[in-house]
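Each remark here refers to the structure printed beneath this line.
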Amino acid sequence: MCRLLNILLALLSRFLFAIHGIVTVWRVVAVKGEPLYWLLLSGVALLGVEMALTLKCTRNAEWKWFSPMVFLYLSTVIPSIWFLELSLLQSKLPLNTSSGHELNLLAHIPITVGIEELEPENWVAGLEQTMLIVLVLGRWLMPKGDMSRDQLSQLLMVYVGLGADILDIFDTFKEPEVKTNRAVVIVGLALFSWALMQFPLVLTQTRASQGDIPQKSWNNLPCCHGPSTSFKSCCSNEIWSLLLTVGLQDAPFLVYRLYLMIKEQVQNQLMIFFTCKNILIVLLELYRIFVVQFEQQVEESVQERCGALAIYCQTLGGSEEEEAEKEEGKQGCSAEQSHHMDMEMGLDEEEDHRVSM
């Protein structure tokens with residue numbers, strides 16, 4: 001039953017990704033007027049193969065640290081967003097020579113009048129916003145693998161926060177100083193693509209499960225943990241997650257916003273707010289990394305001391321046992337000697353008795 005449920009959830013989540021990917025690529029073909037852009041569906045087309053391999057090679061229908069399904073979906077959506085944003089930029093440039101392929105293609109597709117009359121900016125914004133919603137819903141629907149429900153809820157909340165901050169990068173493209181600057185728009189799209197690489201990764205498994213918590217006593221020493229036979233990494237999962245967030249999103253976004261404020265003179269209330277927010281988040285994440293790493297080093301030091309104390313106690317207990325064995329051996333030898341002497345004295349008395357008779 002559990003296996004069947006995992007298969008149904010895997011199908012549903014991949015179907016959701018496939019639908020949104022097809023709509024996004026269709027919009028690119030409508031704007032460009034070239035059927036060659038249908039090749040962008042290659043990533044979505046591989047979702048079936050990926051699902052078969054995942055169900056066959058994994059125990060819980062999902063990989064532990066990396067999601068190939070999300071990666072294949074992003075490999076279709078990210079290039080499509082690039083083409084749509086660059087086409088939108090081209091339409092804003094002076095001496096625009098864009099053709100009317102979009103209207104001709106839309107005329108042959110049975111869609112509603114309301115969707116057909118949407119502005120290109122609204123199309124692009126709608127696809128970008130629904131992409132983040134689909135990522136959260138798809139992660140929620142797909143099998144949770146080895147994650148607990150607590151870790152899954154934590155991951156979904158992280159996704160929502162990341163998506164809101166990533167979408168804000170597109171608001172900078174609407175600024176008068178930026179909307180016709182091709183280099184700044186390309187850098188913003190590159191940061192957008194770079195930040196989305198967090199979604200295929202699953203590094204929120206920071207809390208040990210109840211079965212992974214070591215015992216509080218070892219060899220009758222209540223202060224010591226048992227010896228760990230697993231490989232110890234230099235950093236915990238939480239530190240790796242924070243480092244990825246800083247390196248993939250918060251630090252690059254901060255540099256990008258500072259460049260817009262200083263070099264491009266984009267100085268409005270919203271830009272100042274998000275720049276200050278980025279500075280505060282980076283500082284808090286660096287502080288959290290320092291605190292977690294310091295606590296980990298202190299815990300490892302305590303465990304090393306307790307391990308040394310346990311070894312000393314074992315050695316001391318072994319020496320006491322050896323002394324006790326020696327003492328028992330001495331007592332046994334003394335008892336045997338006294339018993340032998342008693343037997344000799346008894347024999348002597350018998351002989352004396354016979355002689356006297």
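Model, not experiment: these values are computed from the prediction. Residue numbers start at 1 and run along the sequence shown.
Judged purely by atom type and a 3.5 angstrom limit, Trp38 has no side-chain atom pairing as donor or acceptor with the backbone of Trp26. Judged purely by atom type and a 3.5 angstrom limit, Gln265 uses its side chain to pair as donor or acceptor with the backbone of Ile262. With Ser75 contributing its side chain and Gly43 its backbone, the two residues share no donor-acceptor pair below 3.5 Å. Between the side chain of Thr180 and the backbone N or O of Pro176, no donor-acceptor pair lies under 3.5 Å. In terms of modelled atom types and a separation under 3.5 Å, the side chain of Ser80 and the main chain of Thr24 share no donor-acceptor contact.
By the rule that hydrophobic residues join a cluster once side-chain heavy atoms approach within less than 4.5 Å of another member, Phe17 and Val49 end up as members of separate clusters. Residues Leu86 and Ile169 share a single hydrophobic cluster, defined by chaining ILVMFWY side chains whose heavy atoms lie under 4.5 Å apart. Hydrophobic clustering (side-chain heavy atoms under 4.5 Å, transitive across Ile, Leu, Val, Met, Phe, Trp, Tyr) groups Ile133 together with Val158.
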Criterion side chain to side chain contact (heavy atoms under 4.5 Å, CB included) on Glu119 and Asn122, from CA distance to verdict: CA-CA 5 Å; Glu119 295 293 331; Asn122 295 332; 3.7 Å; yes
Please step through salt bridge (charged side-chain N to carboxylate O under 4.0 Å, His left out) for the pair Glu50 and Arg14, ending with a clear verdict. CA-CA 10 Å; Glu50 179 271 332; Arg14 285 162 177 82; 2.8 Å; yes
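In summary, the aromatic rings of Tyr259 and Tyr256 are positioned with their centroids too far apart to meet the 6.0 Å limit. Ring to ring, Phe170 and Phe192 are close: their centroids are under 6.0 angstrom apart.
Here the options are Thr130, Val134, Val136, Leu135, the test is side chain to side chain contact (heavy atoms under 4.5 Å, CB included), and the partner is Leu132; only Leu135 passes.
A salt bridge links Asp165 to Arg257: one of the charged nitrogens lies within less than 4.0 Å of a carboxylate oxygen.
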